[in-house]
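Here's the structure, in structure tokens; my notes come after.
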Protein chains: 2
Amino acid sequence: MESATVDVFDINCPSRAVMEHLSSRWGVLIQIMLLREGTMRFSELRRAIGGVSEKMLAQTLQTLERDGIVDRFVHPVIPPHVDYSLTELGEQAARAVNTLFDLIAGRWTDFEQAQDAYDKRKGEK
Amino acid sequence: MESATVDVFDINCPSRAVMEHLSSRWGVLIQIMLLREGTMRFSELRRAIGGVSEKMLAQTLQTLERDGIVDRFVHPVIPPHVDYSLTELGEQAARAVNTLFDLIAGRWTDFEQAQDAYDKRKGEK
DNA sequence: CTGCATCCTAAAAGATACTG
DNA sequence: CAGTATCTTTTAGGATGCAG
């Protein structure tokens with residue numbers, strides 16, 4: 001019994017798609033947010049994540065749910081109440097994504113300086 | 001002297017853009033590849049990363065160079081020879097991205113099962 | 001070989017209105 | 001409240017040709 005070969009560098013490998021879901025614009029923010037808060041409902045996520053449209057939030061959540069990253073729990077009440085949280089697998093992914101965020105936040109001046117230096121180099125020529 | 005406030009959840013915060021560069025489709029693959037190989041030239045990256053066009057590779061490399069993730073070294077020869085490698089900052093980012101890849105590769109069956117289960121649930125309804 | 005410039009298409013994302 | 005459906009706009013991305 002062999003472990004499946006997974007190669008994100010192969011454009012036809014299905015892992016490429018999962019990688020893109022995990023690293024998608026709204027996907028990363030959802031993961032970080034849920035990692036911080038544990039559980040959030042749709043409208044809370046909507047408010048917390050600046051710039052997401054209703055449509056993109058719903059769509060991204062569905063993709064992440066399908067990949068086993070996010071759990072969706074519907075409370076059988078009216079008006080509707082739907083809770084989202086990370087699965088154990090999702091928590092692993094979210095930690096990695098959050099490391100990326102911490103790096104950006106922690107070394108923000110480095111990023112700014114790099115950008116300034118680059119723009120200066122280009123401006124001269 | 002305060003550390004700058006950085007908030008990826010604010011659509012107007014410049015950190016949002018950097019996060020998108022780091023997690024972009026081709027950005028993640030470039031980072032993982034350079035982390036593995038150390039240094040690669042343009043044409044090597046082009047061959048190694050399935051599906052990248054010349055245009056997108058050049059464009060993504062420039063963005064990553066501007067953000068201080070990637071170093072670009074032009075050998076003054078004809079025909080041109082350009083080497084790309086990770087900066088120290090880029091190496092930190094690449095490690096986080098690579099963790100994501102390891103997760104996908106290491107737990108691929110979990111992802112597949114989650115997808116199958118989701119599709120089955122939906123198919124029934 | 002390593003790009004850049006241009007054009008063009010397909011896909012992603014936003015706005016809006018509507019429903020259970 | 002939590003979506004879906006539809007429409008429009010924007011952006012990403014591919015193809016090609018050319019230059020240093």
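Chain letters run A, B, ... following the sequence lines, proteins first and then strands; every chain starts at 1.
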**Request:** Apply side chain to side chain contact (heavy atoms under 4.5 Å, CB included) to A/Asp10 and list each qualifying residue two or more places apart in sequence or on a separate chain.
**Result:** A/Asp7, A/Asn12, A/Cys13

**Message:** Under 4.0 Å from a heavy atom of chain A: give me the 5'-most and 3'-most nucleotides of DNA chain C that qualify.
**Reply:** C/dA13 to C/dG20

**Asked** With sequence neighbours left out, what residues match A/Glu20 under side-chain hydrogen bond (donor to acceptor under 3.5 Å, both in side chains)?
**Response** B/Arg25

**Asked** Any donor and acceptor pair, going by atom type alone, linking the side chain of B/Thr87 with main-chain N or O of B/Ile69 inside 3.5 Å?
**Response** yes

**Message:** Donor-acceptor check, side chain of A/Ser23 to backbone of B/Ser24, threshold 3.5 angstrom: yes or no?
**Reply:** no

**Request:** Please state how far atom CG in B/Leu57 lies from atom C1' in D/dA15, giving the value in whole angstrom units.
**Result:** 16 Å

**Asked** Sequence neighbours excluded, which residues qualify as side chain to side chain contact (heavy atoms under 4.5 Å, CB included) partners of A/Ala96?
**Response** B/Thr99, B/Leu100

Quick test: give all pairs of protein nitrogen or oxygen and nucleotides 18-20 of chain D nitrogen or oxygen below 3.5 Å, distance rounded to 0.1 Å.
none

**Item:** Set of side-chain hydrogen bond (donor to acceptor under 3.5 Å, both in side chains) partners for B/Arg72, sequence neighbours left out
**Value:** B/Tyr84

**Request:** Look at A/Tyr84 and D/dG3 and indicate whether a side-chain polar atom (N or O) is within less than 4.0 Å of OP1 or OP2.
**Result:** yes

**Message:** D/dG3, OP1 or OP2 - any side-chain N/O from A/Gln59 closer than 4.0 Å?
**Reply:** no

**Prompt:** With side chains defined as the heavy atoms from C-beta onward, is the minimum distance between B/Pro14 and A/Trp108 less than 4.5 Å?
**Reply:** yes

**side chain to side chain contact (heavy atoms under 4.5 Å, CB included) against B/Glu44, all qualifying residues, sequence neighbours excluded** = B/Met40, B/Arg41, B/Arg47

**Request:** Please determine if B/Arg36 forms a cation-pi arrangement with B/Phe101, meaning its NZ or CZ atom is less than 6.0 Å from the six-membered ring centre and no more than 45° off the ring axis.
**Result:** yes

**Asked** Which residues satisfy the side-chain hydrogen bond (donor to acceptor under 3.5 Å, both in side chains) test with A/Gln115, sequence neighbours excluded?
**Response** B/Asp67

**Message:** Given 3.5 Å as the limit, does a donor-acceptor pair link the side chain of A/Gln31 with the main chain of A/Gly27, or not?
**Reply:** yes

**Asked** Applying ring pair (Phe, Tyr, Trp, His ring centres under 6.0 Å), which residue pairs with at least one partner in residues 39-76 of chain A are found, sequence neighbours left out?
**Response** A/Phe73-A/His75, A/His75-A/His81

**Complete:** Taking five pairs at each terminus, the helix from C/dC1-D/dG20 to C/dG20-D/dC1 shows an axis bend, to 10°, of 60°

**Strand-adjacent residues in residues 19-47 of chain B, judged by heavy atoms under 4.0 Å from DNA chain C** = B/Arg41, B/Phe42, B/Ser43

**Item:** Residues in side-chain hydrogen bond (donor to acceptor under 3.5 Å, both in side chains) contact with B/Arg107, at least two apart in sequence or another chain
**Value:** A/Glu88, B/Asp110

**Request:** Using whole Å, report how far CG of A/Leu61 lies from P of D/dC1.
**Result:** 17 Å

